[in-house]
There are 2 protein chains.
Amino acid sequence: MPRPAKHHPERGDARTRLLDAARDVIRAKGFAATSVDDLCKAAGVTKGAFFHHFATKEALGVAAAAYWAETTSAFFANAPYHRLDDPLDRLFGYVDFRKAIIDGDPAEFTCLVGTMTQEVYGSHPAIRDACAASIFGHAATLEPDIAAAMAARGIEADWTPASLARHTQAVLQGAFILAKATGGREDALDSVDHLKRYLTLLFSQTRSKGNPHDGR
Amino acid sequence: MPRPAKHHPERGDARTRLLDAARDVIRAKGFAATSVDDLCKAAGVTKGAFFHHFATKEALGVAAAAYWAETTSAFFANAPYHRLDDPLDRLFGYVDFRKAIIDGDPAEFTCLVGTMTQEVYGSHPAIRDACAASIFGHAATLEPDIAAAMAARGIEADWTPASLARHTQAVLQGAFILAKATGGREDALDSVDHLKRYLTLLFSQTRSKGNPHDGR
DNA sequence: ACAACCATACCAACCGTTCGGTATGTTTTT
DNA sequence: AAAAACATACCGAACGGTTGGTATGGTTGT
């Protein structure tokens with residue numbers, strides 16, 4: 001696993017350029033439909049550089065998922081909503097932040113690892129595992145705030161902070177599919193609004209009432 | 001659009017066999033990673049038969065999406081929950097039915113058109129459009145029951161039946177991504193349970209309360 | 001000098017697609 | 001009713017382009 005060019009950060013950036021290109025091109029065309037030449041062309045490098053940094057195309061897929069996990073982690077860690085005092089405010093701050101970055105073309109705001117997970121499931125387990133680590137790692141960052149918000153409001157629920165955190169990711173991933181289907185953002189934003197409404201309802205009741213339709 | 005060989009039902013089924021194979025193989029490997037040979041092998045036919053029925057591989061993708069829309073429409077139309085009297089019971093019956101068919105391998109219960117939408121967005125607009133028609137067409141079938149349930153309970157909401165119907169599809173699609181990421185069903189089922197909880201909360205209040213966190 | 005980095009040239013396998021041909025059934029002509 | 005003409009379903013070999021990957025040599029920083 002070659003280190004990301006620590007000596008000369010402005011030169012020797014072929015690896016990063018390739019990972020950036022992978023992030024953009026794969027989100028638009030998919031992993032399998034993206035050729036190594038496509039990536040080299042988008043990154044402005046040659047095949048020699050590509051196979052110097054990545055043993056195979058699959059290895060680039062794994063590295064792209066890891067790169068996505070790194071960059072998005074830093075992106076969300078620096079987001080302003082973390083400075084809010086109330087954990088529930090931080091949770092809503094996160095969702096609003098996710099809403100705010102749904103802008104422009106779907107290929108720009110949708111999730112690389114969500115796209116790749118579906119596609120390479122069955123053909124590239126290594127990539128799928130790297131994508132899963134990114135998705136669930138990100139979901140886990142929401143759990144402390146959810147748990148704190150539950151404790152602060154005395155919520156006794158039949159769901160766990162982990163399951164709610166993962167549900168938020170499911171809604172976002174599903175919203176991205178709707179966005180890609182229509183090419184627009186409205187359906188995605190509407191779905192995230194439903195998620196916000198769900199969170200509001202969940203945290204506005206102090207104890208969980210029996211679900212009248214929970215037959216099984 | 002060649003008719004499916006009405007005279008000899010046991011022969012002339014290469015087209016259907018190919019569409020069945022496409023449904024299964026593409027869900028596991030993705031569209032681009034599935035070669036025409038793969039499909040022919042899985043269907044037990046030759047390339048000649050493939051290109052007799054489909055002009056291009058892309059045309060098969062479009063036909064597979066349309067076939068998916070047809071077969072799933074019939075599948076859900078015949079489901080038992082339609083016989084319930086209360087429209088809200090039918091809505092929960094639908095969600096429980098979706099839960100019940102989340103069984104076995106993810107490649108068997110996940111959504112073909114949701115998978116393809118993400119992948120071919122940008123490279124095959126014709127397939128993407130066919131997938132979008134399937135997704136939103138299916139969502140539209142939920143709107144009458146949602147609207148009737150709202151009317152029966154005097155719900156005055158800031159959301160529409162159409163947006164809630166599409167949100168259910170977003171949750172399901174997102175749940176499928178989680179399932180493919182882990183290879184299991186638990187996270188998907190948990191997410192659908194959150195959807196059920198949301199529906200329960202939505203329809204248990206008679207008028208929409210202001211959202212305390214709806215700052216924008 | 002030496003290793004890391006990257007470019008050029010190239011290859012073998014695979015891909016989607018084409019096409020000549022066969023078998024069988026259907027319609028039209030005689 | 002038989003023959004001729006046509007239509008549909010399917011086979012499988014072959015083609016040309018593309019693909020992921022390799023071999024090799026040059027350049028740059030230390």
Side-chain angles (χ1 to χ4, degrees), chain A residues 1-22 25-26 28-64 67 116 119-120 123-127, chain B residues 1-22 25-26 29-64 67 116 119-120 122-127:
Chain A
M1 190 179 295
R3 294 283 92 193
K6 50 179 70 165
H7 297 298
H8 269 249
E10 78 279 357
R11 269 194 62 86
D13 54 350
R15 183 187 148 93
T16 303
R17 302 253 300 279
L18 281 165
L19 291 174
D20 285 336
V25 180
I26 292 175
K29 298 182 37 172
F31 176 78
T34 300
S35 70
V36 175
D37 277 330
D38 287 339
L39 294 170
C40 292
K41 220 162 288 179
V45 302
T46 61
K47 280 185 144 185
F50 184 98
F51 286 101
H52 173 73
H53 291 286
F54 307 103
T56 65
K57 188 192 174 189
E58 183 180 49
L60 170 118
V62 174
Y67 182 67
M116 283 205 294
E119 179 179 357
V120 304
S123 46
H124 294 286
I127 300 179
Chain B
M1 191 178 295
R3 295 282 92 193
K6 48 182 73 169
H7 298 296
H8 269 250
E10 79 279 356
R11 273 187 65 87
D13 55 348
R15 182 186 151 93
T16 303
R17 303 253 301 278
L18 281 166
L19 290 174
D20 285 335
V25 180
I26 292 176
K29 299 182 37 170
F31 176 78
T34 300
S35 71
V36 174
D37 275 329
D38 288 338
L39 294 171
C40 293
K41 220 163 288 180
V45 301
T46 61
K47 281 192 170 187
F50 184 100
F51 285 101
H52 172 73
H53 290 287
F54 308 104
T56 64
K57 189 191 173 189
E58 184 181 48
L60 169 116
V62 174
Y67 182 67
M116 283 205 295
E119 180 179 356
V120 305
S123 46
H124 294 287
I127 300 178

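Because only heavy atoms are used, hydrogens play no part in the values below, and waters and symmetry mates are left out as well, while side chains stay in. Residue numbers begin at 1 in each chain, while the letters A, B, ... track the order of the sequences.
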For atom CZ of F54(B) and atom P of dT18(C), their distance in whole Å = 15 Å
When rounded to the nearest 0.5 angstrom, what distance separates OG in S35(B) from NZ in K29(B)?
-> 6.0 Å
Taking the six-membered ring of F50(B) as reference, does the NZ or CZ atom of K57(B) fall below 6.0 Å from its centre and within a 45° cone about the axis?
-> no
Residues in side chain to side chain contact (heavy atoms under 4.5 Å, CB included) with T46(B), at least two apart?
-> A49(B)
Could you check how far NE2 of H52(B) sits from C1' of dG16(C), rounded to whole Å?
-> 18 Å
Atom-pair distance (CZ on R15(A); P on dA4(C)), nearest Å | 15 Å
Protein-nucleotide distance (D13(B), atom CG; dT8(D), atom C1'), rounded to Å = 14 Å
The side chain to side chain contact (heavy atoms under 4.5 Å, CB included) partner of T34(B) among V36(B), D38(B), D37(B) is D38(B)
Write down the atom of F54(B), the atom of A63(B), and the distance for their closest heavy-atom approach.
-> CE2-CB, 3.7 Å
Pull out every residue in residues 33-47 of chain B that has a heavy atom closer than 4.0 Å to any atom of DNA chain C, ordered by number, or say none.
-> T34(B), S35(B), V36(B), K47(B)
NE2 of H53(A) versus P of dT22(D): gap in Å, rounded?
-> 16 Å
Residues at least two apart in sequence or cross-chain that pass side chain to side chain contact (heavy atoms under 4.5 Å, CB included) with A64(B), listed by chain then number, are L19(B), A22(B), L112(B)
Rounding to a whole Å, what distance do you find between K57(B):NZ and dC15(C):C1'?
-> 9 Å
Atom NZ of K29(B) and atom C1' of dC14(C): how far apart are they, to the nearest Å?
-> 12 Å
The answer to which of G48(B) and A55(A) contacts DNA chain D further toward the 5' end, by nearest nucleotide, is G48(B)
Rounded to whole Å, CZ of F51(B) lies from C1' of dA14(D) at a distance of 14 Å
